[in-house]
Undergrad: 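The structure follows.
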Amino acid sequence: MDLYAEIIVDNNSTQTDILYTYRIPIEFQDNLKIGMRVIVPFGMGNMLLQGLVIKMKNTISFNKNKLKDIVEIVDKEPILSSNLIELGLWMRREYLAQYIEVFKTIMPTGITKKVKQYIYVVDENINITNIKSKNQKKIIKFLFDNNGIEFEELKKALEISNINSSLKSLKSKNIIKVENKIEQDINKKYEKVVVKLFKNLDIPKILKGLNKLAKKQKEVILFLKDYKEIKLKDLTNLVGSSYSTIRSLESKNLISIIDKESPRQVLDKNYKKTENMELNKEQTECYNRINNSISNEKSKKFLIHGVTGSGKTEVYIQLIENVIKKQKQAIVLIPEISLTPQTVERFVSRFGNNVAVLHSGLSLGERYDEWRKIKENKVDIVIGARSAIFAPFKNLGIIIIDEEHENSYKSSINPKYDTIKVAEKRSELENAILVLGSATPSINTYYLAEMGKYELLQMNKRANKQEMPNVDVIDMREELENGNKTIFSNRLYNDIITNLKDERQIILFLNRRGFSTFISCRECGYVEKCPSCDVSLTFHKKENWLKCHYCGFAKKPVEVCPKCESKYIRYFGIGTQKVEEMVKKTFENINVERMDIDTTSKKNSHEEILDRFKNKEIDILIGTQMISKGLDFPNVLLVGVIAADLTLNLPDYRASERTFQLLTQVAGRSGRGERKGNVVVQTYDPNHYSIIYARSHDYIGFYKEEIKLRKIFNYPPYVNIISIVFSGLDVRELEKITKYISDAIIKNIRYKNKDFDVSNNISKPMPSPIPKIKNKYRWQMIIKSSDKELKVIKNIIYWVCIKNKYNIPIDKVKISIDINPNSIM
DNA sequence: AGCACGCCGACT
DNA sequence: GTCGGCGTGCTC
């Protein structure tokens with residue numbers, strides 16, 4: 001019977017982004033299934049590539065002569081379920097990505113197999129004088145000493161420009177042969193294990209049979225009495241014997257030494273086991289509502305809006321318990337930055353080694369091991385950052401997304417997917433429950449809850465009946481008028497003093513790192529900028545460097561203005577480094593620590609700082625938004641926000657939303673113990689609604705105000721935003737191409753829909769808010785689209801920008817398309 | 001993307 | 001003739 005497979009080929013090009021059909025040879029027809037990887041010949045050179053089987057069928061609609069055969073099946077079992085394949089196909093259309101990009105995201109990283117070619121001389125006694133070509137002679141000579149060398153190595157060693165044609169010619173003359181071997185990037189980790197082959201009953205007999213001098217061997221035999229098998233390393237350690245002792249026992253067939261796969265240990269197993277906590281009234285209500293749906297086994301979506309400290313995690317845990325009882329599995333997503341041991345511990349201490357953890361801190365091998373634990377049904381729960389949404393569970397029961405509003409749920413690389421949307425889709429495909437949770441839901445999600453797409457569950461009280469902290473807003477303009485030029489208002493200063501006296505710990509928050517944001521000449525106004533990006537350089541005092549926060553460029557600060565040679569160089573704006581310095585200057589004999597990207601770049605430094613804070617070795621912790629999430633330190637009664645305006649003044653439609661979320665989250669770090677906490681918010685804009693509502697912990701009030709503005713100014717959730725960013729080295733060319741593309745898109749949209757309001761929904765192409773990054777100029781166009789029109793517009797963008805229907809010379813520019821981006825900057 | 005093919009000019 | 005360089009066009 002004829003059977004064909006449609007395959008995604010492992011080739012990173014928009015031009016090969018289609019499904020290719022291959023014939024399935026008879027001998028593979030029984031074993032090949034959708035979701036397996038195969039090796040196929042591709043292109044004119046029949047280069048062997050990995051492919052993923054997406055569909056199977058028994059008829060084809062085009063010329064059979066073009067068909068090639070699948071060469072080999074890679075997997076014994078599908079690595080992707082049909083649900084995950086469908087999810088991937090959906091993502092491709094939704095985010096205008098390529099097949100290969102999507103499926104590389106869904107598959108575990110590094111699983112891709114590469115075919116390597118090994119080159120051999122057929123006859124080692126060949127007479128090379130018969131070979132006329134210089135290059136071919138060179139190759140054969142080299143192969144005499146390096147027979148069976150890998151192709152890439154040969155290429156590197158010989159530096160022959162057109163080595164492929166020389167090899168081809170040699171091959172056709174049967175002088176060399178090429179062997180293909182499939183190699184995988186990551187190898188499983190193996191460990192030697194000793195298996196007992198004798199019965200305990202026979203021990204006396206065995207001991208007698210051994211040589212009198214074989215003292216150690218006898219010890220080992222006796223030791224093995226209590227074991228069926230034991231790791232070689234443990235055995236030699238515990239008995240104090242050497243490997244040779246064990247080996248001689250092996251030669252006597254008393255034991256065998258085998259290589260056993262050992263999963264790398266990602267979690268520290270020594271977490272204390274904890275029991276369920278009793279749920280309060282609100283938690284119980286919430287739990288029951290969701291649990292009903294779990295019992296009904298019908299896909300449903302929930303949004304838990306619960307204030308900071310309302311005990312959402314405990315509800316999640318008890319829901320998961322029930323899901324597992326039903327033989328189903330659970331995915332728990334948390335934002336990357338709060339994926340600290342503190343959060344993971346809560347789940348692991350309840351579920352033990354039934355949990356797999358996936359996050360960016362893992363090595364490729366570790367990640368692969370965790371993935372396989374899920375795949376092989378060794379765990380029922382995965383906890384991880386956004387990519388854990390693709391965990392290959394077979395019977396998914398629930399997806400929980402905590403801190404639903406977080407930016408990191410939107411991917412900024414292709415496919416630029418929104419985890420919330422993907423989770424919605426997956427929960428529908430798998431018939432699972434989706435639970436989103438947040439103290440400050442994103443405006444989008446809350447709107448959808450109001451529209452009935454999510455069932456809204458409110459938790460307004462803190463679980464241990466703690467009171468919400470008191471938030472005071474300080475007008476920094478008044479402070480200045482009263483002659484206070486420091487970065488601390490009188491109020492914050494006094495509060496810090498009292499809290500230090502009471503041996504309480506303090507968190508100070510400023511969402512900007514470095515020392516000064518820009519330096520400029522007072523005489524002529526010259527500002528030091530990055531030579532390859534169009535942004536001002538940030539001064540980092542500790543390293544005495546001006547750094548570019550976009551490309552990492554760094555230089556020593558100037559003492560004289562390079563433009564007018566004036567010595568009056570001034571440093572403007574404050575960052576966390578400056579706050580640190582001011583704290584040290586103002587409050588003596590205290591321990592201060594700063595936590596931002598600059599101090600936490602080393603592995604584990606994040607945890608180390610938090611551990612020291614927990615052990616009260618730090619009095620004042622200063623940090624960026626890194627410290628706004630999930631930290632639960634009962635000894636903190638004061639949180640100070642140095643400048644709330646930073647996020648507020650960004651030219652982005654979500655600036656208010658961000659500010660409100662950030663203030664609420666930071667405030668939530670205060671008063672987690674028995675006593676009521678305090679928050680001091682310093683700002684130059686105390687009457688801004690996001691600050692006013694954050695002060696009274698009034699999410700709903702904020703939401704109502706914000707959603708009104710979104711409607712008036714035509715922003716999400718009322719429209720979708722599509723951002724297309726063009727970047728290239730030549731500005732004039734970039735501008736020209738951007739305009740061609742923009743015109744083509746507008747023309748097509750008009751053609752499809754005469755009534756489309758182009759002037760209100762499509763921005764003219766213009767330079768990006770950051771017009772240059774890493775020497776590449778950036779132009780941008782923004783399209784607003786209703787849900788109804790979105791599909792058509794995306795399709796137009798696909799044909800114009802990706803398939804290049806109009807033959808615009810787009811190969812010189814990079815086009816990045818982002819559907820509903822995090823920010824439009 | 002990665003490769004072959006074809007065309008051209010340079011070099012033995 | 002052979003080799004290297006480069007532009008073009010295709011990949012089931």
Side-chain angles (χ1 to χ4, degrees), chain A residues 2-25 28-29 32 34 36-74 89 97-104 112-117 119 128-141 150-152 154-156 158-173 175 178 180 413-414 801-816:
Chain A
D2 284 346
L3 202 55
Y4 308 96
E6 291 198 62
I7 286 168
I8 296 165
V9 169
D10 182 22
N11 184 316
N12 264 327
S13 162
T14 51
Q15 288 172 69
T16 52
D17 183 43
I18 54 169
L19 295 176
Y20 287 92
T21 309
Y22 282 85
R23 190 184 299 114
I24 307 171
F28 292 160
Q29 289 188 1
L32 190 65
I34 287 172
M36 283 182 178
R37 290 170 299 158
V38 289
I39 301 294
V40 291
F42 188 73
M44 278 173 282
N46 281 331
M47 155 181 59
L48 294 177
L49 286 183
Q50 180 189 284
L52 180 71
V53 179
I54 294 298
K55 281 179 204 161
M56 296 217 273
K57 54 183 187 181
N58 39 36
T59 50
I60 45 164
S61 53
F62 65 93
N63 188 356
K64 272 195 181 185
N65 300 331
K66 276 175 129 188
L67 275 183
K68 291 179 187 172
D69 280 7
I70 289 173
V71 177
E72 197 172 327
I73 304 181
V74 175
L89 297 176
Q98 292 173 41
Y99 284 114
I100 193 73
E101 290 171 333
V102 169
F103 284 99
K104 283 217 167 142
T112 311
K113 306 217 172 191
K114 289 263 183 298
V115 178
K116 289 199 172 175
Q117 299 179 313
I119 323 253
I128 44 171
T129 46
N130 290 339
I131 301 169
K132 281 168 202 146
S133 158
K134 204 169 58 194
N135 282 343
Q136 295 181 12
K137 222 179 260 181
K138 206 165 147 194
I139 292 170
I140 299 297
K141 261 191 194 158
E150 198 269 322
F151 170 71
E152 291 295 329
L154 180 79
K155 200 168 159 183
K156 225 185 275 166
L158 292 183
E159 288 181 343
I160 295 170
S161 64
N162 212 343
I163 196 162
N164 277 327
S165 57
S166 307
L167 286 175
K168 204 188 159 191
S169 154
L170 284 168
K171 210 173 144 189
S172 66
K173 284 181 272 184
I175 296 170
V178 178
N180 294 306
I413 53 166
N414 277 343
C801 296
I802 298 174
K803 287 285 162 187
N804 198 13
K805 196 175 155 190
Y806 296 96
N807 288 320
I808 299 165
I810 56 170
D811 45 330
K812 292 209 175 83
V813 300
K814 202 177 152 271
I815 303 176
S816 162

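None of the values given here were measured: they were computed from a predicted structure. Chain letters run A, B, ... following the sequence lines, proteins first, then strands; residues in each count from 1. In what follows, every heavy atom counts, from backbone to side chain, and hydrogens, waters and symmetry copies are set aside.
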Undergrad: Is atom NZ of A:K68 surrounded by more than 12 heavy atoms (other residues, nucleotides or ligands) closer than 6.0 Å?
TA: yes
Undergrad: For A:I810 and B:dA1, what is the distance between atoms CD1 and P respectively, to the nearest whole Å?
TA: 11 Å
Undergrad: Between atom CD1 in A:I54 and atom P in C:dC12, what is the gap in whole Å?
TA: 17 Å
Undergrad: Return all side-chain donor-acceptor pairs below 3.5 angstrom for residues 50-62 of chain A, not counting sequence neighbours, or 'none' if the list is empty.
TA:
{"unit_1": "A:Q50", "atom_1": "OE1", "unit_2": "A:K113", "atom_2": "N", "d": "2.6"}
{"unit_1": "A:K57", "atom_1": "NZ", "unit_2": "A:E6", "atom_2": "OE2", "d": "3.4"}

Undergrad: How is A:Y22 classified with respect to the nucleic acid when contacts are heavy atoms under 4.0 Å: base, sugar-phosphate, or nothing?
TA: sugar-phosphate
Undergrad: For DNA chain B, find the residues of residues 8-21 of chain A with a heavy-atom distance under 4.0 Å and give them by number; none if there aren't any.
TA: A:N11, A:N12, A:S13, A:Q15, A:T16
Undergrad: What is the separation between atom CG on A:N807 and atom C1' on C:dG9, rounded to the nearest whole Å?
TA: 13 Å
Undergrad: Determine the contact category for A:M44: base if any of its heavy atoms lies under 4.0 Å from a base atom, sugar-phosphate if only primed atoms, P, OP1 or OP2 are that close, otherwise nothing.
TA: base
Undergrad: With sequence neighbours left out, write down each residue that passes ring-ring contact (aromatic ring centres under 6.0 Å, His included) with A:F103, or none if nothing qualifies.
TA: none
Undergrad: Would you say A:Y4 and A:D2 are linked by a side-chain donor-acceptor pair, where the criterion is simply a distance under 3.5 Å?
TA: yes
Undergrad: Roughly how many Å is it from CG in A:L48 to P in B:dA1, rounded to a whole number?
TA: 21 Å
Undergrad: Any donor-acceptor pair under 3.5 Å linking the side chain of A:D17 with the backbone of A:Y99?
TA: yes
Undergrad: Send over the distance from A:F42 CZ to C:dG9 P, rounded to a whole Å.
TA: 18 Å
Undergrad: Figure out the CD/P separation between A:Q50 and B:dG2, and round it to whole Å.
TA: 15 Å
Undergrad: Side chains of A:L67 and A:T21: closer than 4.5 Å at any heavy-atom pair?
TA: yes
Undergrad: Quickly work out the A:L3 CG to C:dC12 C1' distance and round it to whole Å.
TA: 15 Å
Undergrad: Nearest whole Å is fine: how far is C:dG9 P from A:N804 CG?
TA: 14 Å
